[in-house]
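These figures come from a predicted structure and were not determined experimentally. Numbering of residues begins at 1 and proceeds along the displayed sequence.
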Amino acid sequence: MSIIMDAPRTTDAARALRAELVERAATLRPLLARNADRTDRERGVPAENVGALAEAGLLSLMQPARYGGLQTDYRTLLEVSREIGRACGSTAWVASLLNASAWFVGLFPARAQDDVWADKPDARIAGVVTPSGTARVVEGGYRVSGRWAPASGCAHADWAVLGVTRPDAEGTSDAVGIVLAPMAELTVEDTWFVAGMRGTASNTLVGEDLFVPAHRFHSVPDAVEGRYATPFTDEALYRAPFVPAAALVLTGPQLGLAAAAVDLLVEKAPLRALTMTNYATQAEAPTIQLAAANAASFADSAQLHAYRAAADIDEAARAGAFPSYDARARMRMDAGMASVHAREAVRIVCSAQGASSFGESNPLQRVWRDIETGSRHAVLNPEVAAEIYGKSLFGIRGTVSVLV
């Protein structure tokens with residue numbers, strides 16, 4: 001099924017590339033699905049999965065073309081991660097976050113980008129932008145210490161984007177920032193013991209008195225307002241609004257999980273009787289038919305919200321126009337509602353399939369655990385998003401969070 005909602009300035013060439021990349025992801029689904037139980041059980045995405053994604057170019061969607069990346073757009077990232085998520089939620093989450101972190105690097109000064117990719121064009125980046133570290137000014141840069149979690153994809157990364165505060169800069173735009181540090185200078189603590197998205201291995205990064213050169217610091221308040229340090233201002237992708245983009249990338253895997261649940265219902269219902277009824281198959285029962293319709297509709301609604309936000313983000317980036325506060329508030333609301341509706345689609349399928357949904361041999365229980373966990377990421381919090389959006393509709397701005 002295709003839901004048409006795209007940025008007006010999207011070229012035919014961009015759409016053709018997007019379709020090709022989604023097809024590459026679809027080709028990998030059997031492999032990823034075969035490894036899904038292992039990914040969940042071993043609490044990590046297998047190297048085989050990551051290697052296949054990299055070989056297909058699906059980990060370079062947000063990397064600048066200057067370094068050999070595909071430099072696509074947010075609609076493409078959503079569609080690719082959705083396709084991956086139909087096979088494995090954890091693998092889709094890691095792929096989305098590795099791509100998103102590459103986009104963060106694309107906002108930094110040219111010298112910082114060279115540090116990451118000039119000598120290793122296939123370098124991958126994990127990230128935790130929550131400012132849970134501290135940066136202290138020293139000659140030539142900063143000394144950085146902290147603990148950062150959850151660091152999705154850190155097991156497969158060469159660099160990390162880390163959120164920090166600068167006590168010396170309190171009251172200025174440099175009081176909160178993100179820095180770039182090599183993974184080799186960080187320690188990974190195994191802390192990711194969770195019910196869902198287990199395979200993301202979103203463990204804790206620990207750094208103690210790391211030296212970070214000045215060019216590897218980027219102000220978060222500047223980024224939130226669209227003031228990026230990259231000198232390559234002709235590259236549309238790196239003009240996308242910071243907070244809406246950072247939130248939206250988390251919805252792609254959830255779109256895939258919702259689609260996977262609907263697929264499972266449509267596949268299994270004709271093969272099973274409806275327990276304690278006269279229906280020979282579930283597919284004959286109006287209750288199951290209605291459940292399928294409602295679940296599919298919620299999955300579609302999740303896509304529509306996510307794709308509308310992607311269209312707004314991509315169009316603003318191509319036009320070189322930073323979206324207004326109210327527009328950004330709606331984009332964040334769209335991301336939150338996409339997660340809520342995707343989660344509801346899965347819930348309906350689980351209820352329709354009954355207690356068997358939660359048998360360990362049933363992939364639906366993993367889909368349920370993954371979306372129940374992933375949809376509750378703080379930046380997607382639908383109540384916070386609704387408060388921000390609702391206030392903006394009445395002209396009240398900036399009272400809930402700076403992350404709009």
Side-chain angles (χ1 to χ4, degrees), residues 21-63 70 72 76-103 122 124-127 150-158 188 190 192-203 248-264 299 302 306 339 342-343 346 362-375 377:
L21 293 169
V22 173
E23 181 58 32
R24 292 183 200 175
T27 301
L28 295 179
R29 276 175 52 200
L31 166 68
L32 305 181
R34 282 197 304 271
N35 286 341
D37 281 340
R38 173 187 167 197
T39 299
D40 182 68
R41 184 176 61 256
E42 297 182 358
R43 299 172 46 246
V45 175
E48 182 182 20
N49 287 17
V50 176
L53 292 170
E55 185 176 354
L58 304 183
L59 298 182
S60 62
L61 304 179
M62 301 281 107
Q63 181 187 22
L70 294 174
T72 59
T76 300
L77 179 57
L78 287 186
E79 290 204 30
V80 168
S81 56
R82 175 184 182 271
E83 194 66 23
I84 298 170
R86 291 176 68 187
C88 177
S90 286
T91 300
W93 191 273
V94 166
S96 294
L97 271 293
L98 290 174
N99 275 300
S101 295
W103 180 77
D122 61 347
R124 296 190 287 264
I125 307 95
S152 302
C154 63
H156 312 283
D158 304 286
V188 180
D190 188 12
W192 189 245
F193 296 92
V194 291
M197 290 292 186
R198 292 164 52 87
T200 63
S202 302
N203 288 306
L248 190 65
V249 297
L250 303 176
T251 66
Q254 297 173 64
L255 302 180
L257 289 166
V262 174
D263 289 345
L264 284 167
S339 288
R343 187 170 69 213
V346 175
N362 190 337
L364 187 55
Q365 53 80 25
R366 187 182 61 253
V367 169
W368 174 74
R369 287 188 288 109
D370 283 349
I371 202 161
E372 288 289 337
T373 302
S375 64
H377 192 287

Polar side-chain atom of Thr373 near backbone of Gly196 as donor-acceptor pair, under 3.5 Å | yes
Would you check, one step at a time, whether the test side-chain contact (heavy atoms from CB on, under 4.5 Å) holds for Asn35 with Thr91?
-> CA-CA 10 Å; Asn35 286 341; Thr91 300; over 6 Å; no
Ala87 and Leu32 have their tightest heavy-atom pair at CB-CB, 3.7 Å
Has Glu42 got more than 12 heavy atoms of other residues, nucleotides or ligands less than 6.0 Å from its CD?
-> yes
How about Glu48 and Arg38: do any of their side-chain heavy atoms sit closer than 4.5 Å?
-> yes
Member of Ile125, Leu59, Leu53, Val50 meeting the side chain to side chain contact (heavy atoms under 4.5 Å, CB included) criterion with His156 = Val50
Would you check, one step at a time, whether the test salt bridge (Lys or Arg N to Asp or Glu O under 4.0 Å) holds for Asp40 with Arg366?
-> CA-CA 8 Å; Asp40 182 68; Arg366 187 182 61 253; 5.9 Å; no
Shortest non-hydrogen contact between Ala258 and Ala342, atoms and distance = CB-O, 3.7 Å
Any chance you could measure Phe193, atom CZ, to Arg43, atom CZ, to the nearest 0.5 Å?
-> 4.0 Å
How close do Arg24 and Ala56 get, heavy atom to heavy atom, and via which atoms?
-> NH1-O, 2.7 Å
Is a donor on one side and an acceptor on the other found under 3.5 Å between the side chain of Asp370 and the backbone of Met197?
-> yes
Inter-residue atom distance Asp122.CG - Gln63.CD, 0.5 Å rounding | 8.5 Å
From Leu257 atom CG to Leu364 atom CG, the distance as rounded to the nearest 0.5 Å = 10.5 Å
Any donor-acceptor pair under 3.5 Å linking the side chain of Ser101 with the backbone of Leu98?
-> no
Say you draw a straight line from CH2 of Trp93 to OG1 of Thr200; how long is it, rounded to the nearest 0.5 Å?
-> 8.0 Å
Have Ser202 and Ser152 got a donor and an acceptor in their side chains that come within less than 3.5 Å?
-> yes
Between the side chain of Thr76 and the main-chain N/O of Thr72, is any donor-acceptor distance below 3.5 Å?
-> no
Short N-O contact, Arg86 and Glu83, less than 4.0 angstrom = yes
Any donor-acceptor pair under 3.5 Å linking the side chain of Asp158 with the backbone of Arg124?
-> yes
How close do Val94 and Gly153 get, heavy atom to heavy atom, and via which atoms?
-> CG1-CA, 4.0 Å
Do the side chain of Asn49 and the main chain of Val45 share a donor and acceptor less than 3.5 angstrom apart?
-> no
Point-to-point distance, once rounded to the nearest 0.5 Å, from CG of Leu248 to OG of Ser81 | 8.5 Å
Any idea which heavy atoms bring Pro150 and Trp192 closest together, and the distance?
-> CB-CZ3, 3.8 Å
So, for Leu28 and Ala52, which heavy atoms are closest and what is the spacing to 0.1 Å?
-> CD1-O, 3.7 Å
Are any non-hydrogen side-chain atoms of Thr39 and Pro46 less than 4.5 angstrom apart?
-> yes
Distance from Leu70 atom CG to Leu58 atom CG, nearest 0.5 Å?
-> 8.5 Å
